[in-house]
Protein chains: 2
Amino acid sequence: MPTLPKPLRPRKTPRQKRSEETRELILESAARVFAEHGYAAGTTNRIAEAAGLSIGSLYQYFPNKDAILLQLARRHLDEGRLAVAAAFAAGPPATWRERVTVLVDTALSVHRGDPRLHQVLFEESPRPPALLAELRALQDDLVDRLTALLRADAAPGAPDPRLTAWFLVAAVESLTHRYLADQPTRDRSAFRDELVALLTGHVLSAGARPAEPPA
Amino acid sequence: MPTLPKPLRPRKTPRQKRSEETRELILESAARVFAEHGYAAGTTNRIAEAAGLSIGSLYQYFPNKDAILLQLARRHLDEGRLAVAAAFAAGPPATWRERVTVLVDTALSVHRGDPRLHQVLFEESPRPPALLAELRALQDDLVDRLTALLRADAAPGAPDPRLTAWFLVAAVESLTHRYLADQPTRDRSAFRDELVALLTGHVLSAGARPAEPPA
DNA sequence: GACAATAGTGAGTAATTGCTCGTTTTTGTA
DNA sequence: TACAAAAACGAGCAATTACTCACTATTGTC
C-alpha cells in the first residue's frame with residue numbers, strides 16, 4: 001500500500017527544484033491573466049494555458065482557483081507589511097513632512113505594479129473574510145503607529161488623533177490607488193507633491209507641533 | 001399578420017400601468033440581490049425569485065442580466081448628476097469652507113444607500129466602457145467647475161488649479177466611500193468635519209483667497 | 001539500466017447559469 | 001360574454017467552467 005491513503009487537498013509539496021519553479025510560473029501567469037481578463041474570465045484553464053501547462057498540473061499545485069488568487073493577494077499584503085516595517089525600522093523621520101513623504105512613497109512603490117491586478121485582487125474578486133481581516137490589521141497597525149506619533153506631538157486641545165491618523169492612512173491608500181487607476185495624464189511627481197502637501201498641512205493644523213523645519 | 005415580425009431585443013414597452021410597476025419591482029429586487037450576493041452570485045433566477053416573478057417575465061423587461069445592472073448604475077449616476085446640479089444651481093457658496101461642505105454632504109447623501117450595492121455596481125461588476133465614460137464625464141464636469149472657481153480666486157504663484165480640483169473631487173469621493181465601507185466605528189459628523197477641514201485647509205493654502213470668514 | 005518518486009497530462013464530468021419559447025393567465029374593451 | 005392584446009409562466013437548452021482521475025513522462029539514485 002502507498003504511503004498514505006490520500007494526500008488530501010494541498011496537492012504537492014515541492015521536492016525537486018522544478019516543482020518550485022512551476023509553482024512560481026503558475027502564480028506569475030495567474031497575475032497576468034487576472035490583470036488582463038478580470039476575476040470571472042480569468043479561468044483556471046486560461047491560467048494553465050498562459051503558463052504552458054496542462055490544467056491537471058495546475059491543480060497539482062493549488063487546490064482551487066481561489067487559492068491562487070489568495071496567494072497573490074497575500075504576497076501583495078506581505079509586500080505592504082515589509083514596506084511599512086522598513087519605513088519605521090530606524091525610528092520615524094523627525095518631521096511630519098518627511099513622515100508623510102515616506103507614507104506616500106511607500107504607497108506609490110507598493111502599487112507600482114499593475115494597478116488593474118490590485119483592483120482585481122482587492123475589489124473585484126470574492127475576498128475571503130480572513131484576507132479582509134489581514135488587510136484591516138495592516139491598516140490598523142499603521143494607524144496605531146501614527147496615532148502614537150500624533151499623541152506625542154499633540155497640542156492640548158487637538159482633535160482626536162486616531163481619526164487624524166485614519167485619514168492619513170485612508171487618504172494615502174485611496175488617492176494613490178485612484179491616481180493610478182485613472183490614466184495618469186497628470187505627472188507623477190506633481191501628484192506626489194500635492195498629496196504630501198495636503199496631508200502635511202492637515203496634520204500640522206490638526207495640532208501636531210514637532211520641530212518642523214530644521215533645515 | 002402581426003404588427004411586426006419580431007419585436008427585437010428591447011422586450012416590452014409598457015402599455016398597462018402594471019407593466020411599469022413590474023419593471024420597477026425587478027430593479028428594486030435586483031438592487032437587493034446584488035447588494036446581498038454580489039455580482040456573480042446575483043443570478044437572474046435569484047432576482048426573479050426575489051421579485052416574486054418567473055424568470056421568463058424578467059426577460060420580458062430586460063434583454064440580459066447586464067442591462068439590469070446598467071440601469072441601476074445609471075440611476076446612481078443620475079442621482080449624482082442631479083445632486084451636483086442642485087448644489088451649483090443658485091451659484092456656488094461664497095466661502096471655500098461652504099463649498100467644500102456642500103461637496104462632502106452631497107457625496108455622503110448620494111452614498112447613503114447601500115454602500116455594498118455601490119461597490120458591486122462600480123467596482124465588482126464588469127462595467128461597460130460607456131458607463132465608465134459617463135462616470136468620468138460627471139467627475140470631469142465637477143473638476144471643471146471647481147477649477148474655474150479656483151482660478152478666479154488664485155494668487156499669482158498658485159500651483160496648478162486643475163490638479164487641486166482633481167484632488168478635491170477624488171478625495172471626497174474616495175474617502176466617503178471608504179469611510180462607509182469600513183464599518184464606521186467613528187461617528188459620521190466627526191468624519192464629515194475632519195474631511196471638510198482637511199480639504200478646506202488645502203484649498204486655502206493652495207493659493208485661494210476668497211473673502212473667507214465673513215461670520 | 002532498473003526503479004520509484006516526482007511531475008505533468010487532458011479528455012471528460014458535474015454543476016451552474018443566462019436565456020428561449022411555446023404556453024397560459026390576466027386585463028381592458030365591446 | 002367574447003375576444004384580443006398584454007403580461008406572466010417555467011421547463012429545459014446551450015454554453016461555460018471548476019475540477020477529477022487514470023494515465024504518461026521525467027528525474028535522480030543505486
Side-chain angles (χ1 to χ4, degrees), chain A residues 1-27 29-30 33-34 37-71 124-126 128, chain B residues 1-27 29-30 33-34 37-71 124-126 128:
Chain A
M1 58 179 71
T3 50
L4 270 175
K6 265 257 172 162
L8 240 359
R9 307 269 62 200
R11 269 340 209 311
K12 193 158 285 183
T13 323
R15 305 289 155 109
Q16 303 184 6
K17 192 168 49 179
R18 180 163 55 130
S19 175
E20 270 176 74
E21 288 168 358
T22 302
R23 208 188 146 80
E24 212 53 42
L25 177 64
I26 293 172
L27 285 173
S29 306
V33 169
F34 281 133
H37 295 90
Y39 174 74
T43 67
T44 49
N45 279 292
R46 231 196 273 269
I47 293 169
E49 188 193 330
L53 286 170
S54 78
I55 181 62
S57 294
L58 185 148
Y59 278 94
Q60 297 279 336
Y61 291 91
F62 296 92
N64 54 53
K65 176 178 172 175
D66 285 346
I68 303 176
L69 204 97
L70 194 63
Q71 178 82 16
E124 185 181 317
S125 72
Chain B
M1 58 179 72
T3 52
L4 271 176
K6 265 258 171 164
L8 238 2
R9 306 270 62 198
R11 265 347 207 307
K12 191 159 284 183
T13 323
R15 305 287 155 109
Q16 303 184 6
K17 193 167 49 181
R18 182 166 53 131
S19 177
E20 270 176 74
E21 287 168 358
T22 303
R23 207 187 145 80
E24 212 52 42
L25 178 64
I26 293 171
L27 285 173
S29 306
V33 169
F34 281 134
H37 295 91
Y39 173 75
T43 68
T44 50
N45 279 291
R46 232 196 274 267
I47 292 169
E49 190 193 329
L53 286 170
S54 78
I55 181 65
S57 293
L58 185 148
Y59 279 94
Q60 297 278 336
Y61 291 90
F62 296 92
N64 54 54
K65 174 178 174 175
D66 285 346
I68 303 176
L69 203 96
L70 194 62
Q71 179 83 16
E124 184 180 317
S125 72

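Values below: all heavy atoms of this structure, side chains included; hydrogens, waters and symmetry mates excluded. Worth saying up front: this structure is predicted, and the values here are computed from it rather than measured. In the text below, chain A, chain B and the rest are named by the order of the sequence lines, each starting its count at 1.
- For the side-chain contact (heavy atoms from CB on, under 4.5 Å) with A:Tyr61, the lone residue among A:Thr22, A:Leu25, A:Leu53 that qualifies is A:Thr22.
- A sub-4.0 Å separation between OP1 or OP2 of C:dG10 and a side-chain N or O of A:Tyr59 is absent.
- A:Ile55 places its CD1 atom 14 Å from the C1' atom of C:dT13, with the value rounded to the nearest Å.
- Closest-nucleotide positions on DNA chain D for A:Thr43 and A:Gly56 were compared, and the one nearer the 5' end corresponds to A:Thr43.
- Among the nucleotides D:dA11, C:dG18, D:dC19, the one closest to the side chain of A:Asn45 is D:dC19.
- Contact annotation for B:Leu53: backbone-only contact, meaning every heavy-atom pair under 4.0 Å involves sugar-phosphate atoms and none involves a base.
- Nearest heavy-atom pair across B:Tyr59 and B:Asn64 is CE2-CA, 3.8 Å.
- Here the shortest heavy-atom pairing between B:Arg46 and B:Val33 reads O-CG2, 4.1 Å.
- The side chain of B:Thr22 sits closest to D:dA8 out of D:dA8, D:dC19, D:dG10.
- Taking every heavy atom of both residues into account, B:Glu124 and B:Tyr39 meet most closely at OE2-N, 2.9 Å.
- At whole-Å resolution of the value, CG in A:Leu25 and P in C:dA7 are 15 Å apart.
- One finds a side-chain N or O of A:Ser19 lying less than 4.0 angstrom from the OP1 or OP2 phosphate oxygen of C:dA7.
- Between A:Leu69 atom CG and D:dA18 atom C1' the separation is 14 Å, expressed in whole Å.
- Per the geometry, CG belonging to B:Asp66 stands 13 Å off C1' belonging to C:dT17, to the nearest Å.
- Put simply, B:Ser57 has no side-chain N or O that comes within less than 4.0 Å of OP1 or OP2 on D:dA7.
- In this structure, B:Arg46 atom CZ and C:dC19 atom C1' are separated by 17 Å, rounded to whole Å.
- Straight-line distance from the CD atom of A:Glu49 to the P atom of C:dG8: 18 Å, rounded to whole Å.
- Looking at heavy atoms from C-beta onward, B:Asp66 lies out of side-chain contact with B:Pro128 at the 4.5 angstrom threshold.
- The distance between atom CG of A:Leu58 and atom P of C:dG8, rounded to the nearest whole Å, is 11 Å.
- Atom-to-atom, CZ of A:Phe34 to P of D:dA18 comes out at 9 Å; the value is rounded to the nearest Å.
- Using a 4.0 Å cut-off, no side-chain N or O of A:Ser54 falls inside it from OP1 or OP2 of C:dG10.
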